[in-house]
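As structure tokens, the structure follows; a few thoughts come after it.
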Amino acid sequence: MRRFAWLPVAVLLALVLASAIATVWARHESRVEFGALTTLRHQRDQLNVEFGRLELEQATWAEPSRVETVARGKLGMIDPPADAIGMIRP
């Protein structure tokens, strides 16, 4: 009976070591994932800034006075004469 008295101690020691290794591994993975999260947040912030710039640019290009200027200058469009305008009724 005394031959295997060390067995429970050895099993507990192995479990403690396995738990310690798992804890270290989990902390390492946590740090790696936090680094990835920080990188993704930085990218998100950059994309939000770029999106804001693009919205402003779109609003500038779509401004009615600019559209009219381009239509008249580059496309040669003019306002139709009053007698050429007709009303369509349903």
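The structure presented is a predicted model; accordingly, all values stated were derived computationally and were not measured.
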Residue list, side chain to side chain donor-acceptor pair (under 3.5 Å) with H42, at least two apart or on another chain: Q46
Exam field: side chain S19 to backbone L15, donor-acceptor pair closer than 3.5 Å: no
Shared-cluster residues of I21, by chain and number - hydrophobic side chains joined below 4.5 Å: none
Quick one: hydrophobic cluster around L13, which other residues, with the 4.5 Å side-chain cut-off, linked directly or via members? L17
Which heavy-atom pair separates I85 from P80 by the least distance, and what is that distance? CG1-CG, 4.1 Å
Any pair counted as salt bridge (charged side-chain N to carboxylate O under 4.0 Å, His left out), so long as it reaches residues 38-64, sequence neighbours left out: none
Quick check against the 3.5 Å criterion: does T38 have a side-chain atom that pairs as donor or acceptor with the backbone of F34? yes
Pairs touching residues 70-90 that satisfy side-chain hydrogen bond (donor to acceptor under 3.5 Å, both in side chains), sequence neighbours left out: E68-R72, R72-D79
What residues, two or more places apart in sequence or in another chain, satisfy side-chain contact (heavy atoms from CB on, under 4.5 Å) together with E33? E29
